[in-house]
Amino acid sequence: MLARSFLVVALASLALLLPGAAQAKVQTGDGYTYYETGDLAAPTPKTPEPGLLLIGGSDWSEPAWRWFAGKAGEGHLVILRASQDGSDGEWLMEHIGGLASVQTLVFSDREAAFDPRVAEILEQADGIFIAGGDQSKYVRFWKDTPVSDALNAHVAAGRPIGGTSAGLAILGGTGYGALAEEAVDSREALADPKGPKVTLVSDFLKIPFLGNIITDTHFTERNRLGRLVAFLAQARAAQGEQTIGLGIDEDTALTVEADGTARLYSTSEGNAWLVQPLAKPSFGESGALDWDAVQLIAIGPETRFDMATMTVSEPAYMTTIRVTEGKLSEEPKAKRRDWSLAIHGGSGVIERGDLTPEMEAAYRASLQAALAAGSAVLENGGTSLDAVEATLRILEDDPLFNAGRGAVFDAEGRNQLDASIMDGATLNAGAVAGVSTTKHPITLARSVLDKSRHVLLSGEGADQFAREQGIEQVDPAYFRTERRWQQIQEWRKNNLSALALDPTHRFGTVGAVALDRDGNLAAATSTGGLTGKRWGRIGDSPIIGAGTYAANGKCAVSGTGTGEYFIRESAGRQVCDRVAWNGQTIAQAADDTIGSIGALGGDGGLIAMDAMGRIAFAMNTEGMYRGAASSEHPAEEAIYADETLANED
């Protein structure tokens, strides 16, 4: 057995400093990696107390973590993982505080569970937290080993324990082990609750108040009610009538005191969901589940929930659902904004001091004017399509932006305009490229969506269609501005890049995404393209799935940047696929998509919105002209990368 003082000396001699982090990392044995931050030699200030921290995945609530640090006596926390690294420890020490140290053990093999050093670390822990990842690894690595014995001993000694996502999945008396090759979703589980993909595990951990509970996380966001009901059906068929379900939404935490009283914390208005069957399940000939009555109770911040007695007062929501031939009659719905709007006006090398005070004020005023136009549509019950069109018409009229009047010139001295719009409810879309006489390209794109059987029209044909539809036409000289004309002259003289021509506005494309009161998403983008473009070049803005995309239930996206890279990465569709198929939040999906563009050498930014009206801005440039408004927060605008908005999630 190794004393903590010995560990400090050993780790000091073997530490490898991670780039940019004051954190020691050392390989301490076969099958695991060890990380530490803080002072392992410091005494624990207070006596640890029993407590449970149950987190539904994604963002961690800081108040909930401060509660957990207090339960750990402000002493030494151990985080257990089967993937990733020890960065959570750094976050906790920097943002939460109230802990003497955080140690992280990342397991890669079952052999590590038998290492005496692991046992010593767990024995000395004042609090233990099991992180997310793949719960099948936790089951395979720890079940019936000294690690599971140590976890049970830790709890029995009156010390706090917690978990998130996969870590929470294994804390219940019965848990979903995810031991099949593929995880099961609600549809599959309800169709065959006793099937090979519904792999439940019991006799693993003995956690107070969770003995008869099966947990699930990312609950509403990933539509997991069905599979939790299926887990309950299998467990009740095998073990009796006592098992109930507890689902917890993303960004949400449930803290449980020693007497069983629980409190909910959430950073995104999430809930915990108590799933209590009121009848017995039955199974059809095909194996599909039938269940006449299952009570669903939402636990909110004001709810009083006693896990010792499983009683709930002042629930946030309550209903009874039915399962018929493997299909749910009703599912809980996360609270969405009544309406939401986000816009961009291009990204670039925009650092504080680059813009004169007058220019900065002008950009901010224009963004506010555009937000006002779109917000008025949504506030009055208009559609998301109408809102994004109205918003971009304002920006197309403003010569500050590279769209409509103020568009850049191509190599031949012409303004060639592109735009697109997409309806998330129907997946219908309209786009135009290379138009030169239509005053508002976004209105022409809307007309292509509404009044043609095509998606993308270009050049003279697009302008002809505009004339046939009675859309306002202008002399091409209308789009000319002296600033853009001087830029093309400089380009012709020196073949300068767009960055050199206008470093504070490298990509002046404008875009908008919106959610209306009916829950419909829409996206729109408009641009003049690149200064000096040749040969009829078309970028990502009029390409559905690249610069513009919207799909109800998933997301809406508009991009601005090096169009060739956005096209190659199918940027707009990629964001939505990350939300739909990877279960990512809108912010994660937006950031990772911009990351994939950057990995290819492209730069720019995008705005994105999910089905709840949550907004994300992502960029790999120093700034992006942007703004947002919603039914929850008034209109705000931003320019610099370090600015944040109340509407941003």
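Heavy-atom basis, side chains included; hydrogens, waters and symmetry copies ignored. None of the values given here were measured: they were computed from a predicted structure.
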Aromatic plane relationship, Trp65 with Phe68 - under 30° parallel, 30 to 60° tilted, over 60° perpendicular: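 Phe68 and Trp65: perpendicular rings.
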Any sub-3.5 Å donor-acceptor pair from [X]'s side-chain atoms to [Y]'s backbone N or O?
| X | Y | value |
| --- | --- | --- |
| Arg578 | Gln588 | no |
| Ser202 | Thr174 | no |
| Glu250 | Phe219 | no |
| Arg159 | Pro48 | no |
| Arg224 | Ser186 | no |
| Tyr32 | Arg110 | no |
| Ser101 | Gly38 | no |
| Ser596 | Thr593 | yes |
| His76 | Ala42 | yes |
| Asp249 | Asn271 | yes |

Looking at [X] and [Y], what are the two nearest heavy atoms and their distance?
| X | Y | result |
| --- | --- | --- |
| Asp134 | Ser136 | OD1-OG, 2.6 Å |
| Ser266 | Gly270 | OG-N, 2.8 Å |
| Ile170 | Leu205 | O-CD1, 3.7 Å |
| Cys555 | Ile586 | CB-CD1, 3.6 Å |
| Gly572 | Val557 | O-CG2, 3.7 Å |
| Ala618 | Asp591 | CB-OD1, 3.5 Å |

Aromatic centroids of Phe107 and Trp142 separated by under 6.0 Å: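 When the ring centroids of Trp142 and Phe107 are compared, they turn out to be within the sub-6.0 Å range.
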Centroid-centroid under 6.0 Å between Trp291 and Phe283 rings: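 Between Phe283 and Trp291, which both carry aromatic rings, the centre distance is not below 6.0 Å.
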For residues [X] and [Y], determine if any side-chain heavy atom of one lies less than 4.5 Å from a side-chain heavy atom of the other.
| X | Y | result |
| --- | --- | --- |
| Met310 | Ile213 | yes |
| Leu274 | Leu296 | no |
| Leu190 | Val323 | yes |
| His154 | Leu122 | no |
| Ile79 | Gln103 | no |
| Ile55 | Leu168 | no |
| Val139 | Phe204 | yes |
| His95 | Glu90 | no |

[X] side chain to [Y] side chain, donor-acceptor N/O pair below 3.5 angstrom:
| X | Y | result |
| --- | --- | --- |
| Glu62 | Trp67 | no |
| Glu569 | Gln574 | yes |
| His218 | Ser165 | yes |
| Asp126 | Thr44 | yes |

Intermediate values then yes/no, side chain to side chain donor-acceptor pair (under 3.5 Å), Thr261 and Asp306: CA-CA 4 Å; Thr261 56; Asp306 186 343; over 6 Å; no
When rounded to the nearest 0.5 angstrom, what distance separates [atom1] in [X] from [atom2] in [Y]?
| X | Y | atom1 | atom2 | answer |
| --- | --- | --- | --- | --- |
| Gln84 | Thr33 | CD | OG1 | 13.0 Å |
| Leu80 | Tyr138 | CG | OH | 7.5 Å |
| Thr303 | Tyr317 | OG1 | OH | 14.0 Å |
| Arg304 | Glu314 | CZ | CD | 4.5 Å |
| Ile299 | Phe305 | CD1 | CZ | 4.0 Å |
| Ser61 | Asp251 | OG | CG | 9.5 Å |

Audit row: Val118, Tyr34, side-chain contact (heavy atoms from CB on, under 4.5 Å) steps and yes/no: CA-CA 9 Å; Val118 171; Tyr34 173 87; over 6 Å; no
side-chain contact (heavy atoms from CB on, under 4.5 Å) between Val147 and Leu151, worked out: CA-CA 6 Å; Val147 167; Leu151 294 175; 4.2 Å; yes
Passing option when Leu54 is tested against Leu171, Ile161, Thr164, Thr252 for side chain to side chain contact (heavy atoms under 4.5 Å, CB included):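 So, applying the side chain to side chain contact (heavy atoms under 4.5 Å, CB included) to Leu54 and each of Leu171, Ile161, Thr164, Thr252, only Leu171 qualifies.
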Sole candidate of Ile96, Val102, Thr37 that passes side chain to side chain contact (heavy atoms under 4.5 Å, CB included) when paired with Trp91: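 Per the side chain to side chain contact (heavy atoms under 4.5 Å, CB included) rule, the option paired with Trp91 is Ile96, out of Ile96, Val102, Thr37.
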Step-by-step salt bridge (Lys or Arg N to Asp or Glu O under 4.0 Å) determination, Lys71 to Glu257: CA-CA 9 Å; Lys71 292 297 179 184; Glu257 301 284 351; 2.6 Å; yes
Derivation of the salt bridge (Lys or Arg N to Asp or Glu O under 4.0 Å) call for Arg227 and Asp185: CA-CA 6 Å; Arg227 78 175 201 174; Asp185 61 23; over 6 Å; no
Within a reach of under 6.0 Å around [atom1] of [X], are more than 12 heavy atoms found that belong to other residues, nucleotides or ligands?
| X | atom1 | answer |
| --- | --- | --- |
| Lys143 | NZ | yes |
| Asp203 | CG | no |
| Arg263 | CZ | no |

Derivation of the side chain to side chain donor-acceptor pair (under 3.5 Å) call for Asn647 and Ser630: CA-CA 7 Å; Asn647 280 294; Ser630 75; 2.5 Å; yes
Salt-bridge criterion met for Arg81 and Asp88 (N-O under 4.0 Å):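 Looking at Arg81 and Asp88, the cut-off is met.
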Full working for side-chain contact (heavy atoms from CB on, under 4.5 Å) between Leu246 and Trp273: CA-CA 6 Å; Leu246 179 64; Trp273 300 86; over 6 Å; no
Derivation and outcome, side-chain contact (heavy atoms from CB on, under 4.5 Å), residues Asp216 and Phe231: CA-CA 10 Å; Asp216 212 341; Phe231 297 162; 3.9 Å; yes
